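Notes for the one structure printed next.
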Amino acid sequence: MLTVLHALQGQLLAAMQRAFQEAGQPLDPQLAPASKPEFGDFQANGALPLAKPLGQPPRAIATAIVKQLTADPAFAELCLEPQIAGPGFINLTLRPERLAAELQARLGDPRLGVPTVEMQAPVIVDFSSPNIAKEMHVGHLRSTIIGDALARVLEFRGHPVLRLNHVGDWGTQFGMLITHLKQVAPEALTMADAVDLGDLVAFYRQAKARFDDDESFQTTSREEVVKLQGGDPVSLKAWGLLCDQSRREFQKIYDQLGIRLTERGESFYNPHLQAVVDDLRAVGLLVVDAGAGCVFLEGVSGKDGQPLPLIVQKSDGGFNYATTDLAAIRYRFAPGPGGDGASRVIYVTDAGQASHFAGVFQVAQRAGWIPSPCGVEHVPFGLVQGDDGKKLKTRSGDTVRLKDLLDEAVERTEADLRQRLADEQRSEDEAFIQQVATSVGLAAVKYADLSTNRITNYQFSFDRMLALTGNTAPYLLYAVVRIAGIARKGGDLGAGAVASLTFSEAQEWALVRELLKFDGVIAEVEQELLPNRLCNYLFELSQVFNRFYDQVPVLKAEEPARSSRLALCRLTTDTLSLGLGLLGIPTLERM
RNA sequence: GGGGCUGUAGCUCAGCCGGAUAGAGCGACGGUUUCCUAAACCGUAGGUCGUGGGUUCGAGUCCCGCCAGCCCCGCCA
């Protein structure tokens with residue numbers, strides 16, 4: 001309905017100009033979707049702010065606007081007679097035939113009315129980013145799920161999206177890992193093929209334990225870091241083996257979640273780190289303080305009111321994460337072939353890194369690495385908390401492994417499903433049970449995360465996310481299943497445009513109006529980067545559909561109502577499937 | 001000390017650029033099954049939007065103070 005909205009916006013503004021062109025006041029129709037169904041489809045609040053400057057009652061102003069508006073034949077074609085309500089709101093209701101026409105246009109449209117962007121510069125979404133040689137844990141859950149959903153929405157809008165996995169594949173911890181590897185599995189370094197190093201987490205723990213206890217191991221580890229940074233072939237080979245092993249483990253999770261990522265770890269930027277510091281020096285931003293290369297931040301002061309530095313070169317000459325992040329920004333905005341030529345770079349990381357990114361972005365900005373119309377954004381999200389409101393931990397107090405968390409969701413779903421089958425005396429084969437349990441379980445985890453505003457902390461609860469009622473994945477998936485049921489029972493949902501759509505019931509019109517909101521919601525998510533807006537919409541759509549399904553017969557209806565209702569079913573399932581798909585959630589035929 | 005985020009119904013959360021009587025879901029209570037999957041639907045109860053000021057036609061929303069919780073603050077990421 002965005003095109004309708006824009007048309008109305010123009011008509012309202014023109015009407016206001018005709019009515020009050022002498023006023024010399026800024027005119028804004030303040031057009032918005034109606035706050036309640038009884039107010040129609042849209043409301044224009046623009047009369048109210050004019051009351052004082054014009055010295056007229058707001059309802060009189062609204063009346064004057066409406067008079068001009070109704071004189072516009074284009075408006076009369078779109079809307080019924082506007083209503084003035086309350087202190088001076090102008091309520092607009094679209095003509096039923098316009099609504100039906102809008103719906104008709106979406107029936108044959110795989111994009112469901114969502115336009116494709118013209119601009120073709122790449123958008124980078126930086127998300128997930130686990131550390132090599134460590135396991136993915138609950139801390140990676142939100143970044144991975146939210147980042148994937150945002151990437152999908154941007155891709156759907158037509159942006160070329162680069163999904164970057166900025167894995168932690170460099171740093172001092174590799175000294176001890178490589179030293180340990182060389183001593184424990186020297187044969188791995190001489191073999192041509194990748195070897196299975198087994199449980200990397202245990203491997204990491206062993207290396208860490210030795211590093212903490214054994215002084216000579218520490219010394220060797222430190223020397224190993226230097227060798228690695230110096231490009232020693234054996235050290236590099238060992239490093240590569242560790243990365244490969246980690247990569248295989250990460251990939252299992254990504255496959256399970258259906259998430260596609262391009263790995264480009266921190267090490268990728270190593271060749272560019274020195275240039276970052278050189279550039280900063282060249283533009284006069286670099287200050288050496290206590291031996292460290294710093295850029296002092298503007299508008300950020302520390303304890304004694306002194307400006308706070310961003311350290312880009314340690315006093316020992318080494319680089320740190322700020323250097324790497326700066327190198328990444330510089331590379332991502334730089335034109336090809338030595339850069340990505342991005343127009344927008346989005347970082348999906350936890351809110352705790354907000355000040356770090358603010359500092360890095362400021363320095364990149366001042367260094368001139370972010371070209372003018374382009375933008376860099378931190379997309380923060382809150383902590384994952386347990387039922388107790390504290391950071392989520394296992395019963396023994398350990399960090400929750402992502403794999404365990406996902407497995408438990410699937411197991412719980414399976415147990416639920418088996419119970420239900422028994423209660424209903426339904427019989428399904430094993431493959432069906434596994435498929436439904438996996439699909440619903442993972443969908444529930446994703447949806448629960450995506451459906452709350454990402455900025456606040458998120459309270460993780462299997463019971464809530466797997467509930468079959470309320471704003472949950474199972475509820476939405478069930479709406480899709482119901483429509484699939486109608487199709488199985490003889491409803492033809494595959495037909496093209498229906499000759500004429502006719503609606504008579506309130507539930508039908510409610511569904512029509514809800515379906516037409518889809519394009520606006522997508523535009524909002526693209527701009528605000530808030531997936532919960534899409535979740536809320538899909539939940540409301542499911543509710544409106546369930547009301548319709550409950551109260552209005554489809555298959556048993558007489559023509560022409562039957563075809564029109566089937567068209568509503570078809571558009572509902574298409575919208576839910578597309579919307580859930582953009583959240584990374586596949587739908588089911590039966591459950 | 002400085003900075004950031006959060007505070008809305010018993011619980012979990014929405015709330016768009018400041019707009020009409022602040023909304024859902026869960027839980028509670030009460031209904032609905034010859035009928036497309038009741039994993040659903042309908043209804044009732046439940047609020048000093050942390051708090052005190054300010055801005056204005058109008059504030060949950062914007063500004064200032066305060067309270068509470070969480071997070072960040074020089075060589076980890």
Side-chain angles (χ1 to χ4, degrees), chain A residues 28 30 32-33 35-36 39 43 45 48-52 58 85-89 91 129 131 166 168 171-173 266 289-294 299-305 308-316 318-322 324-325 349-356 358-359 380 382-383 385 389-391 416-417 420 424 426 440 448 451-453 455-459 461 463-464 467-472 474-475 477-479 481-491 520 524 527-528 530 532-533 535-536 539-540 543 546-547 549-551 553-557 569 590-591:
Chain A
D28 177 6
Q30 296 196 11
S35 57
K36 289 189 178 186
F39 299 152
Q43 60 185 56
N45 306 337
L48 292 140
L50 291 175
K52 198 170 188 184
F89 301 110
N91 289 337
S129 310
N131 287 317
H166 191 78
T172 47
Q173 78 273 19
E266 294 170 354
D289 189 85
C294 303
V300 187
S301 50
K303 289 187 179 172
D304 341 314
L308 220 57
L310 183 77
I311 293 179
V312 296
Q313 188 159 29
K314 298 189 282 183
S315 50
D316 66 2
F319 304 111
N320 63 3
Y321 59 95
T324 308
D325 283 340
T349 77
D350 69 274
Q353 297 187 50
S355 42
H356 164 67
L383 286 177
Q385 301 175 315
K390 293 181 181 163
K391 194 172 173 181
D416 260 25
L417 178 60
R420 185 178 321 283
E424 296 172 6
R426 264 170 76 190
V440 174
S451 62
T452 70
N453 188 314
I455 294 167
T456 52
N457 290 344
Y458 152 58
Q459 197 163 339
S461 161
D463 287 336
R464 269 201 300 274
L468 312 165
T469 55
N471 188 4
T472 65
Y475 180 86
L477 290 171
Y478 180 61
V481 163
R482 283 184 137 179
I483 298 170
I486 290 176
R488 272 195 305 278
K489 288 284 170 67
E524 208 175 298
Q527 202 190 342
E528 310 286 332
L530 289 173
N532 67 303
R533 296 275 166 82
C535 293
N536 281 341
F539 175 54
E540 275 163 28
Q543 281 183 309
N546 274 329
R547 245 164 252 152
Y549 178 93
D550 191 62
Q551 295 159 19
V554 176
L555 292 178
K556 293 187 167 68
C569 290
R590 296 197 305 126
M591 62 189 271

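Below, chain A is the first sequence line, B the second, and so on; all start at residue 1. Keep in mind that what you see is a predicted model, and the values were worked out from it rather than measured.
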- Is any side-chain N or O of Q543(A) closer than 4.0 Å to OP1 or OP2 of G25(B)? yes

- To the nearest Å, give me how far apart CD (E424(A)) and P (A38(B)) are. 10 Å

- Query: How would you label the contact of A292(A) with the nucleic acid (heavy atoms, under 4.0 Å): base, sugar-phosphate, or nothing?
  - Reply: base

- Note on the structure: Across every strand shown, the nucleotide meeting Watson-Crick or G-U wobble geometry with U34(B) (both distances under 3.5 Å) is none

- Query: Just to confirm, is there a sub-4.0 Å distance from OP1 or OP2 of A14(B) to any side-chain nitrogen or oxygen of R533(A)?
  - Reply: no

- Query: Quick one: is T469(A) getting a side-chain N or O under 4.0 Å of the C26(B) phosphate, OP1 or OP2?
  - Reply: yes

- Message: For G74(B), give the paired nucleotide (Watson-Crick: N1-N3 plus N6-O4 or O6-N4; G-U: N1-O2 and O6-N3; both under 3.5 Å), or none.
- Response: none

- Could you write nucleotides 7-13 of chain B as a row of B, S and -, 5' to 3', where a protein heavy atom under 4.0 Å of any base atom gives B, of only sugar-phosphate atoms gives S, and otherwise -? -----SS

- Message: Rounded to whole Å, how long is the line connecting atom CD of Q353(A) with atom P of C72(B)?
- Response: 10 Å

- Is any side-chain N or O of K556(A) closer than 4.0 Å to OP1 or OP2 of C35(B)? no

- OP1 or OP2 of C76(B) sitting under 4.0 Å from any side-chain N/O of K314(A)? yes

- Residue pair V440(A)/Q313(A) against RNA chain B: nearer the 5' end by closest nucleotide is V440(A)

When you compare the protein's N or O atoms with those of nucleotides 17-20 of chain B, which come within less than 3.5 Å of each other, and at what distance?
{"from": "G19(B)", "atom 1": "N7", "to": "Q30(A)", "atom 2": "OE1", "distance (Å)": "3.2"}
{"from": "A20(B)", "atom 1": "N6", "to": "Q43(A)", "atom 2": "OE1", "distance (Å)": "3.2"}
{"from": "A20(B)", "atom 1": "N6", "to": "N91(A)", "atom 2": "OD1", "distance (Å)": "2.4"}
{"from": "A20(B)", "atom 1": "N6", "to": "N91(A)", "atom 2": "ND2", "distance (Å)": "3.4"}
{"from": "A20(B)", "atom 1": "N1", "to": "N91(A)", "atom 2": "ND2", "distance (Å)": "3.1"}

- Y475(A) side chain N/O closer than 4.0 Å to the phosphate oxygens (OP1, OP2) of C41(B)? yes

- Task: Taking T472(A) for its side chain and A467(A) for its backbone only, find out whether a donor-acceptor pair lies under 3.5 Å.
- Result: yes

- Message: Applying a 4.0 Å non-hydrogen cut-off, can you work out what Y549(A) is touching in the nucleic acid: base, sugar-phosphate, or nothing?
- Response: base

